[in-house]
Amino acid sequence: MTRVLVVDDEPQIVRALVINLKARKYEVEAAPDGATALRLAAERHPDVVVLDLGLPDMDGVEVIKGLRGWTRVPILVLSARHTSDEKVEALDAGADDYVTKPFGMDELLARLRAAVRRAEPVGGAEDGVVVVETAGFTVDLAAKKVHRDGRDVRLTPTEWHLLEVLVRNSGRLVSQKQLLQEVWGPSYGTETNYLRVYMAQLRRKLERDPSHPRHFVTEPGMGYRFER
């Protein structure tokens with residue numbers, strides 16, 4: 001059973017989420033503030049976190065950063081903040097998706113399912129090991145691991161999924177729309193700010209010189225290309 005941690009200080013929203021999630025066989029816990037959320041996440045290890053940014057004790061972005069210090073759990077932000085800068089800040093801190101209030105329950109549940117799917121392990125030894133090597137890092141597609149300078153590189157599920165799509169299409173242009181739909185889902189197609197944020201994160205983690213990327217190449221107005 002998928003475990004969901006709902007972090008929100010609005011009782012009506014928490015109640016609606018708990019009812020809808022339990023009706024769909026999710027196991028649900030709720031936290032009214034950031035400190036409780038961080039404690040429950042450490043104790044219960046949820047499979048996905050639904051997080052409001054406007055919490056009474058700390059900003060939700062700080063909760064994201066606290067979680068990303070030790071876990072790759074998918075984080076779905078649910079917030080009344082709707083400017084592009086605020087969305088980018090949350091995504092840049094490590095959130096996987098962003099839903100603005102007021103929201104439709106069907107859309108939220110679809111995005112939650114997509115976030116959980118991205119985090120699920122795929123492949124295995126029976127599929128054979130597919131390893132892609134570059135001058136600076138190695139990508140093991142079967143094990144879902146990246147090595148750089150002799151160490152594992154910690155990627156969030158969304159960062160990994162984006163990397164995987166690009167690596168599997170090595171040398172080919174992947175359009176912005178294709179990337180959005182393959183990584184986030186079929187209802188996405190215009191959230192190009194997601195791509196800018198996550199490509200910047202991949203470059204910071206994997207490129208020798210992120211400001212002059214060698215492996216993650218932008219084709220302006222078109223998409224991205226992975227080059228070995």
task: Supply the atom-to-atom distance Phe137 CZ to Glu207 CD, rounded to the nearest 0.5 angstrom.
output: 6.5 Å
message: Applying the side-chain contact (heavy atoms from CB on, under 4.5 Å) criterion to Thr83, which one of Arg81, Glu86, Lys87 satisfies it?
response: Glu86
- prompt: For Leu78 and Leu17, which heavy atoms make the closest approach, and how far apart are they?
  reply: CD2-CD1, 4.0 Å
message: For the CG atom of Leu162 and the OG1 atom of Thr156, what is their distance to the nearest 0.5 Å?
response: 9.0 Å
query: Which atom names give the shortest non-hydrogen contact between Ala115 and Pro74, and what distance separates them?
result: O-CG, 3.6 Å
message: Assess the residue pair Tyr194 and Asp97 against the criterion (side chain to side chain donor-acceptor pair (under 3.5 Å)); give the C-alpha distance rounded to whole Å, side-chain angles, the decisive distance to 0.1 Å, and a yes or no.
response: CA-CA 8 Å; Tyr194 282 33; Asp97 201 352; 2.8 Å; yes
- prompt: Does Glu29 pair with Arg44 as a salt bridge, N-O distance under 4.0 Å?
  reply: yes
query: If we only count heavy atoms from C-beta on, is the His147 to Val153 side-chain gap below 4.5 Å?
result: no
Single-linkage hydrophobic cluster, 4.5 Å side-chain cutoff, Phe103 and Val50 together: yes
- prompt: Looking at the rings of Phe216 and Phe226, which for Trp means the six-membered one, are their centres under 6.0 Å apart?
  reply: yes
message: Please determine whether salt bridge (charged side-chain N to carboxylate O under 4.0 Å, His left out) holds for the pair Lys101 and Asp52, giving the CA-CA distance in whole Å, both sets of side-chain angles, and the decisive distance to 0.1 Å.
response: CA-CA 10 Å; Lys101 296 178 181 180; Asp52 181 27; 3.6 Å; yes
query: Roughly how far, to the nearest 0.5 Å, is CG of Leu108 from CZ of Arg113?
result: 9.5 Å
task: Please round to the nearest 0.5 Å and tell me the distance separating atom CG of Leu166 and atom CD of Glu182.
output: 9.5 Å
field: Verdict with reasoning, Asp96 to Arg68, per salt bridge (charged side-chain N to carboxylate O under 4.0 Å, His left out)
entry: CA-CA 11 Å; Asp96 294 276; Arg68 282 291 170 256; 3.0 Å; yes
- prompt: Under the side chain to side chain donor-acceptor pair (under 3.5 Å) criterion, do Tyr188 and Arg111 qualify, and how do the steps go?
  reply: CA-CA 10 Å; Tyr188 296 75; Arg111 293 193 180 210; 3.0 Å; yes
message: Show the nearest heavy-atom pair for residues Met105 and Ala16, with the distance to one decimal.
response: CE-O, 4.0 Å
message: Distance check, rounded to the nearest 0.5 Å: Leu195 atom CG versus Lys177 atom NZ?
response: 13.5 Å
message: So Arg3 and Met1, do their side chains get closer than 4.5 Å, heavy atoms only?
response: no
task: Could you tell me whether the side chain of Val130 reaches within less than 4.5 Å of the side chain of Asp140, counting heavy atoms only?
output: no
Pair Asn169-Arg172, side-chain donor/acceptor within less than 3.5 Å: yes
- prompt: Side chains of Leu55 and Asp8: does their closest heavy-atom pair fall under 4.5 Å?
  reply: no
query: Is Pro213 close to Asp209 at the side-chain level, that is, under 4.5 Å between some pair of heavy atoms?
result: no
message: Using side-chain heavy atoms (C-beta onward) and a distance below 4.5 Å, is Val99 in contact with Leu76?
response: yes
- prompt: Does the pair Glu219/Arg225 count as a salt bridge with the N-to-O cut at 4.0 Å?
  reply: yes
query: Is any side-chain N of the basic residue among Asp47 and Arg117 closer than 4.0 Å to the acidic one's carboxylate O?
result: no
message: Does this structure show an ion pair linking Asp92 with Arg204, if we count only N-O contacts that are shorter than 4.0 Å?
response: yes
Interatomic spacing from CG in Asp57 to CG in Leu38 - rounded to 0.5 Å: 8.5 Å
- prompt: Any donor and acceptor pair, going by atom type alone, linking the side chain of Arg72 with main-chain N or O of Leu155 inside 3.5 Å?
  reply: yes
message: Any heavy-atom pair between the side chains of Thr2 and Glu27 that's under 4.5 Å?
response: no
- prompt: Can you find a pair of side-chain heavy atoms, one from Thr218 and one from Met199, that are under 4.5 Å apart?
  reply: no
